[in-house]
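Letters A, B, ... are given to chains in the order of the sequence lines, protein chains preceding strands, and every chain is numbered from 1.
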Amino acid sequence: MKNYDHKIIEKKWQEEWDKNKIYKVADEVKGKENFYQLVEFTYPSGNLHVGHWYAFSVPDIFARYKRMSGYNVLYPMGFDAFGLPAENAAIKLGADPKIWTYEHMDKMRLQLRSMGASFDWEREVVTCDPKYYKWTQWMFNQFLKNDLAYRDTTKVNWCPKDMTILANEQVTDGKCERCGNEVEQRDQEQWMLRISKYADRLIDDLDALDWPLEIKSAQKNWIGRSEGSEIEFEVHPHPASPLAKGEVPKAEGVRVFTTRADTLFGVSYIAIAPEHELILKLKDKIENYDEVEKYISDTKKKSELDRQQSKEKTGVELKGIKAINPATGEWLSVWTADYVLAGYGTGAVMGVPQHDERDNAFAVKYNLPIIDKPLVDAKEVTEKVGGKLVSTYRLRDWGISRQRYWGVPIPIVYDTEGKAHPVPDEHLPWLLPTDVDHKPSGVAPLSKSKELLERTEKIFGKGWRPEVETMDTFVDSSWYFYRYLDNNNDKEFSAKEKMESWMPVDLYMGGAEHTTMHLLYSRFWVKALFDLGLVKDAEAYKVRKNRGLILGPDGNKMSKSKGNVIDPDEIVDRLGADTVRLYLAFMGPYGVTVNYPWDPNGVVGVRRFLERVWKLAERITAKPAKDFGAFALGDIGQGTHDSKNSLLASQSKLLHKTIKSISEDMEEHKYNTCISKMMILLNSFDKEEKVSTEDFKTFLCLLAPFAPHIAEELWTELGEKESIHLSLWPKYDENLIKDDEIKIAVQVNGKVRGEITISVDENEEEIKNKGLADENVARHLASKEIKKVIYVKGRLISIVV
RNA sequence: GCUGGAGUGGCGGAAUUGGUAUACGCGCUAGUCUUAGGAACUAGUACCGCAAGGUUUGAGGGUUCGAGUCCCUCCUCCAGCACCA
């Protein structure tokens with residue numbers, strides 16, 4: 001046998017598996033249960049990093065384990081191919097975003113294949129393919145018809161120099177991250193999806209899901225339901241104000257939202273958001289309107305993030321107007337303050353310095369009364385003052401419009417009056433035009449496409465114009481898992497019977513960073529489809545596991561500037577895909593959000609393990625010596641385990657114990673301990689003079705999900721004709737793992753003082769006596785009086801003196 | 001600040017879920033082999049101590065025959081959210 005040359009065997013088997021299509025998945029297989037394992041598909045950045053390996057090759061271990069355990073496993077892969085990097089390449093390098101993206105996908109497909117993962121590539125999904133986004137647009141149309149999509153104005157960060165909208169994270173200290181220019185808040189019309197309508201169900205349906213609690217609570221907090229009261233306070237021009245001119249003050253109402261209606265008697269002022277409509281309405285009655293106006297325009301300069309982060313409370317009193325506390329009839333001053341957010345609740349709060357920290361800070365700063373009144377029943381008082389009990393949410397509707405090129409065109413056209421109409425289904429996919437200039441100019445790139453305009457006029461009539469916005473890429477990833485099931489269907493987004501056989505997803509593994517965005521958007525999307533009768537489940541993911549990050553060797557996040565980036569291609573080239581897979585799985589348990597640093601020595605240690613497996617195989621395949629007789633290597637079948645043969649019996653015992661515990665750890669995604677148990681087994685095999693071929697083959701089966709190439713190679717060397725990956729996961733024999741004799745500890749006052757060997761059928765009294773008789777134990781008992789002797793079955797004896 | 005998670009050798013981590021703490025791997029030390037070794041193999045390796053023995057799971061307390069695991073107080077780190085009324 002040759003040396004372990006990963007380059008040769010990995011290439012060979014990847015080609016062989018491809019050729020024989022061993023990972024091709026049928027929708028139904030007689031006698032097998034379907035198992036749908038999903039991982040978040042990747043953006044085609046053009047280069048696979050260690051994070052991708054961790055995200056895809058480690059879950060592949062589980063997919064392979066499930067397949068060997070008799071399930072019909074679907075483990076698909078695709079590309080989330082729309083998005084900003086392609087467009088930035090277009091702006092910077094003059095690249096065509098489509099060509100850029102498709103070239104990157106070609107490159108990444110090769111890199112992904114080098115993992116030796118068991119993806120069924122025939123089911124690949126690419127979100128920028130018109131065959132895919134036709135259905136994204138179709139779903140948008142469905143939502144539009146059912147009042148789940150609407151047009152509204154929202155505030156966005158606008159960089160006047162770059163003439164582009166910025167995400168919150170692209171704004172630092174109110175300045176554009178790229179050019180350093182001051183960022184403005186600008187009103188932007190956009191298409192919105194009514195995720196807020198689903199807020200209650202998105203919270204309540206979490207209960208039935210088998211998801212980690214931390215994800216559930218993160219989503220709950222994100223949605224942020226709070227139950228409280230809406231109470232109206234009358235607002236009057238104050239009779240004493242010179243602007244009131246003796247008129248009978250006319251009342252306006254300001255509704256406040258509070259979770260503490262029980263503190264209504266302690267209200268000392270009212271504060272409204274600077275954007276609140278009341279300010280304009282009472283413009284004429286506000287004595288210090290100039291000052292108020294200045295405060296409002298100052299507020300506009302701050303991003304929402306800045307407003308929320310500043311610790312300092314600021315505000316301006318609206319002089320000349322007062323509010324009345326509906327419970328007490330007392331006059332209250334009215335303020336505008338930027339700590340009150342227009343988008344949350346009603347955009348107005350009642351200030352209760354006695355019971356709220358922020359209100360207290362505000363009251364102290366502006367010298368407002370701090371009123372200490374007894375609490376009342378919240379429900380009762382709400383009703384008494386004519387308020388109502390309501391829930392309010394932190395979650396806002398989802399704005400899906402982007403003024404970008406490389407995305408799904410929103411399938412809307414406007415008639416000559418400017419009224420919006422959906423592009424009828426027969427014209428879908430509503431294609432992304434190609435004749436655009438990518439240079440940012442302050443308007444959406446699609447507005448410069450002649451082709452799109454001509455298409456629109458040709459179909460709908462002269463004077464009609466197309467929507468020029470594209471969709472947020474979170475839309476694309478909200479439903480991709482349905483498309484894997486039926487990726488070539490041009491009649492439906494996915495056939496009902498295919499969804500019937502596969503959905504919901506049995507296991508969804510992904511990054512913790514997607515907990516509140518992707519995962520929540522997708523849950524909303526599924527519920528909307530469900531309500532429209534388009535899918536059969538209101539939740540798509542039965543089990544979700546989040547994963548952590550792989551850090552650089554220095555314990556920091558990998559980044560080019562820190563120079564701590566591990567290049568997987570280089571390591572795969574040097575040590576092999578099997579080694580990288582095994583090492584990533586060995587670092588720690590999967591499915592917990594813990595970050596592990598990459599240890600360049602650790603990965604070599606794992607390679608060593610595979611080398612030793614290879615050497616053991618060499619011993620086994622070597623020509624058996626003639627006089628080995630009944631024990632000849634390679635000659636012992638699984639049926640020949642015989643307790644009279646002590647050598648093989650002890651070997652089998654460990655083997656079967658290992659099968660049992662690896663199977664258990666697999667189910668909990670503790671791949672690290674699976675590997676350590678394989679190492680222990682190998683250590684024991686190495687010490688044996690003889691190892692049966694059957695036992696070694698069983699070992700290879702355990703190894704196969706982790707290191708699929710080397711396992712396949714050695715399996716074939718041992719004469720097997722069919723792929724190891726199509727064989728069955730080993731079963732353990734309950735009788736073989738039973739111990740007749742076990743060692744138990746003997747404690748004196750909680751400290752281990754001895755160890756005795758007992759046989760399983762010994763009775764408790766005998767065992768206790770044996771323990772007391774142990775030499776070292778007896779020494780510690782000395783002449784002390786024994787108060788109690790406790791025997792924990794099969795574990796220990798505890799003696800109390 | 002709030003919420004969630006976590007603190008175990010020099011390092012990544014293990015611990016049958018309240019029952020012999022430190023499995024497995026890395027690193028380190030010594031040795032064997034070698035022209036050489038950043039290879040391979042063998043042995044050792046939680047800490048203190050020559051030893052007997054003692055100590056140890058972020059700190060302190062508690063429950064228990066027995067606590068890394070349960071309870072209370074505190075400290076530190078990580079993640080998410082953050083003036084949410």
Between [N] and [M], how far is it from one [atom1] atom to the other, in whole Å?
| N | M | atom1 | value |
| --- | --- | --- | --- |
| rU57(B) | rU34(B) | P | 48 Å |
| rU8(B) | rG12(B) | P | 7 Å |
| rU17(B) | rG13(B) | P | 23 Å |
| rA59(B) | rG10(B) | P | 13 Å |
| rG61(B) | rG66(B) | P | 16 Å |

Original post:
What parts of residues 792-799 of chain A reach RNA chain B, counting only heavy atoms under 4.0 Å away?
Top reply: V792(A), R795(A), L796(A), S798(A)

Original post:
Looking only at side chains, do E40(A) and H514(A) share a donor and an acceptor under 3.5 Å apart?
Top reply: yes

**OP:** Considering non-hydrogen atoms only, spot the tightest contact between M350(A) and A261(A) and give its length.
**Re:** CE-CA, 4.4 Å

**OP:** Indicate, with yes or no, if the rings of F362(A) and W335(A) have centres closer together than 6.0 Å.
**Re:** yes

Original post:
Under the 3.5 angstrom rule, does the side chain of S522(A) hit a backbone N or O of L519(A) as a donor-acceptor pair?
Top reply: no

Subject >> Over-ring placement of R394(A) relative to W222(A), 6.0 Å and 45° cut-offs >> reply: yes

Original post:
Does rG12(B) adopt a syn or an anti glycosidic conformation, taking syn as a chi angle within 90° of 0?
Top reply: anti

**OP:** Identify whether the glycosidic angle of rU32(B) places it syn (within 90° of 0) or anti.
**Re:** anti

**OP:** Can you check each nucleotide of nucleotides 24-32 of chain B against protein heavy atoms at under 4.0 Å and return B for base, S for sugar-phosphate only, - for none, in 5' to 3' order?
**Re:** BSSS-----

Subject >> Candidate list L202(A), D204(A), L209(A), test side-chain contact (heavy atoms from CB on, under 4.5 Å), partner L206(A), passing option >> reply: L209(A)

Original post:
Can you find a side chain N or O atom of Y344(A) that sits less than 4.0 Å from OP1 or OP2 on rA85(B)?
Top reply: yes

Original post:
Which stems does RNA chain B form, counting runs of 3 or more consecutive Watson-Crick or G-U wobble pairs with both distances under 3.5 Å?
Top reply: B:1-7 with B:75-81, B:10-12 with B:24-26, B:27-32 with B:40-45, B:46-48 with B:53-55, B:58-62 with B:70-74

Subject >> Spatial distance of atom CG (N749(A)) from atom CD (Q747(A)) [nearest 0.5 Å] >> reply: 9.5 Å

Subject >> Nearest listed nucleotide, side chain of R394(A), among rA82(B), rA15(B), rA85(B) >> reply: rA82(B)

